[in-house]
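Input: a single structure, listed below in structure tokens.
Every chain is numbered from 1 and lettered A, B, ... according to where its sequence line falls, protein lines coming before strand lines.
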Number of protein chains: 2
Amino acid sequence: MPKKEAATKARAPSARSIDVREAALTLFAERGYHGTSMKDIAAALQLRAPSLYNHVSAKQEILRDVMVDTMNNLLKVVRSAIAGTDDTVLQLRRAAEAHVRYHARHKREVRIGNYEIPALEQPHRGAVTKLRREYSRMFVGLIEKGVEEGVFDTRSPLLAAYGILQMGIGVSMWYTPDGPLSEDDIVFQYGDMALRLVGVTEAEPRVGRRRAK
Amino acid sequence: MPKKEAATKARAPSARSIDVREAALTLFAERGYHGTSMKDIAAALQLRAPSLYNHVSAKQEILRDVMVDTMNNLLKVVRSAIAGTDDTVLQLRRAAEAHVRYHARHKREVRIGNYEIPALEQPHRGAVTKLRREYSRMFVGLIEKGVEEGVFDTRSPLLAAYGILQMGIGVSMWYTPDGPLSEDDIVFQYGDMALRLVGVTEAEPRVGRRRAK
DNA sequence: CCTACCGATCGGTAGG
DNA sequence: CCTACCGATCGGTAGG
């Protein structure tokens with residue numbers, strides 16, 4: 001046990017602990033939380049199940065950390081995307097792009113985040129659900145703003161927001177880096193589709209260099 | 001055991017068997033297949049777990065039947081929607097409407113269908129996966145046809161199809177009959193959004209009476 | 001439809 | 001990091 005770091009209360013991501021969480025991430029995403037046993041996780045690391053408890057305190061703790069961290073990260077990247085401009089059309093494009101890019105890059109995490117809510121015990125399930133509401137509210141609010149400004153046209157900002165979010169979630173189900181479509185292709189085209197959903201009629205000037213990594 | 005019906009090989013949906021499957025449907029949708037025990041299903045019917053085996057042969061069999069039937073039903077309703085007209089724009093609208101309506105009406109079934117693929121054992125998992133590919137191919141093919149005809153405009157029929165399908169799946173996650181939006185509202189607006197995704201610029205004449213039940 | 005029971009597996013602990 | 005082991009629960013069967 002390294003003495004260097006202050007004992008930040010079970011907050012030493014001890015490299016080996018990261019391995020365990022990494023293996024769990026893959027298995028939870030593939031087979032589901034209840035479909036994965038601690039023995040499965042251990043086997044992936046060529047260990048016996050009891051050894052895992054040197055690095056994590058419980059199976060449920062792994063799930064909780066993944067879900068809470070993932071929602072916080074999503075909120076962060078989308079908030080920062082929106083903060084980057086004050087043009088509402090561009091804000092929605094960038095928010096949608098950030099959303100879908102995160103779902104392409106962190107497939108396992110978001111799959112768990114979307115599928116395993118019932119497997120997350122209280123009180124954390126409530127906390128995560130609250131973060132999720134906050135997240136979708138950002139998109140709804142953005143679209144409502146665009147409608148008020150007259151740059152968006154949609155009967156229901158709520159349905160449009162849900163549509164945009166759900167499309168992005170779908171990417172986590174089929175995207176693979178070796179597929180025919182690159183991450184940037186997908187991200188950009190989903191940005192287009194998001195704008196189409198709210199009635200932005202293309203032909204908008206391609207503002208900024210949005211090809212970035 | 002009723003003697004009336006020919007022994008159609010485990011095909012007597014004996015009323016009580018329907019109850020069991022109904023209870024399982026609700027629980028699998030809420031907690032997931034692995035998160036639901038036979039004891040849970042029995043308790044919902046005020047029975048003991050072993051009694052269930054008079055009506056179903058195994059837990060896995062319930063899952064298999066739900067998933068196979070659901071995919072076949074989806075294929076059927078969308079095929080029939082497409083067969084109803086030969087105008088490609090209208091075909092896509094009606095296919096999208098049928099898709100989303102099914103997802104609103106059969107929330108539990110489609111949630112299981114989308115979430116529990118890994119819990120379905122072979123060979124049925126392969127069969128269901130094949131049906132799913134067939135299903136999405138219908139949408140992709142429809143959009144490709146529209147692009148060739150010049151009535152749709154999209155860079156990637158595949159992404160557009162995935163977007164449309166995924167939006168509809170999302171409905172099964174939040175729709176409730178007592179919500180502010182009626183099933184018909186949602187269905188019609190998703191039809192609009194589907195057409196927007198493929199670049200149909202509104203203002204299309206409202207062909208046929210699409211308010212039907 | 002039940003009770004009684006099966007072997008297997010679960011998450012987790014003890015103790016080194 | 002391991003072996004040995006815990007009580008609880010799993011899906012399912014026997015037998016009535």
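Position along DNA chain C of the nearest nucleotide to A:Q60 versus B:L47 favours B:L47 as the more 5'-ward residue. Mapping A:R48 and B:K59 onto DNA chain D via the closest heavy atom, the residue that lands nearer the 5' end is A:R48. Comparing A:P50 and A:K39 against DNA chain C, the residue whose closest nucleotide sits nearer the 5' end is A:K39.
For the pair A:R93 and A:F188, the cation-pi test (distance below 6.0 Å, angle within 45°) is passed.
A side-chain donor from one of A:T176 and A:D178 sits under 3.5 Å from a side-chain acceptor of the other. Between the side chains of A:T26 and A:R108, at least one donor N or O sits under 3.5 Å from an acceptor N or O.
B:A49 comes within 4.0 angstrom of nothing in the nucleic acid, heavy atoms only.
Counting heavy atoms from C-beta outward, A:V89 and A:F152 have side chains that approach closer than 4.5 Å. Side-chain atoms of B:R132 and B:L75, non-hydrogen and from C-beta on, never get closer than 4.5 Å to each other. A 4.5 Å side-chain heavy-atom check between A:H106 and A:N73 finds every atom pair outside the cut-off. At least one side-chain heavy atom of A:I186 sits less than 4.5 Å from a side-chain heavy atom of A:Y175.
Taking a cutoff of 4.0 Å between a charged side-chain nitrogen and a carboxylate oxygen, A:R137 and A:E144 qualify as a salt bridge. A:R16 and A:E22 are not joined by a salt bridge, as no carboxylate oxygen comes within less than 4.0 angstrom of a charged side-chain nitrogen.
Axis angle, first five pairs versus last five pairs of the helix from C:dC1-D:dG16 to C:dG16-D:dC1: 0°, rounded to 10°.
Applying a 4.0 Å cut-off to non-hydrogen atoms, the residues of residues 24-37 of chain B that approach DNA chain D are B:T36, B:S37, listed by residue number.
Using a 30° and 60° split on the angle between ring planes, B:H99 and B:F139 fall in the perpendicular class, above 60°.
Taking a heavy-atom distance under 4.0 Å as the criterion, the stretch of DNA chain D touched by chain B extends 5' to 3' from D:dC10 to D:dT13.
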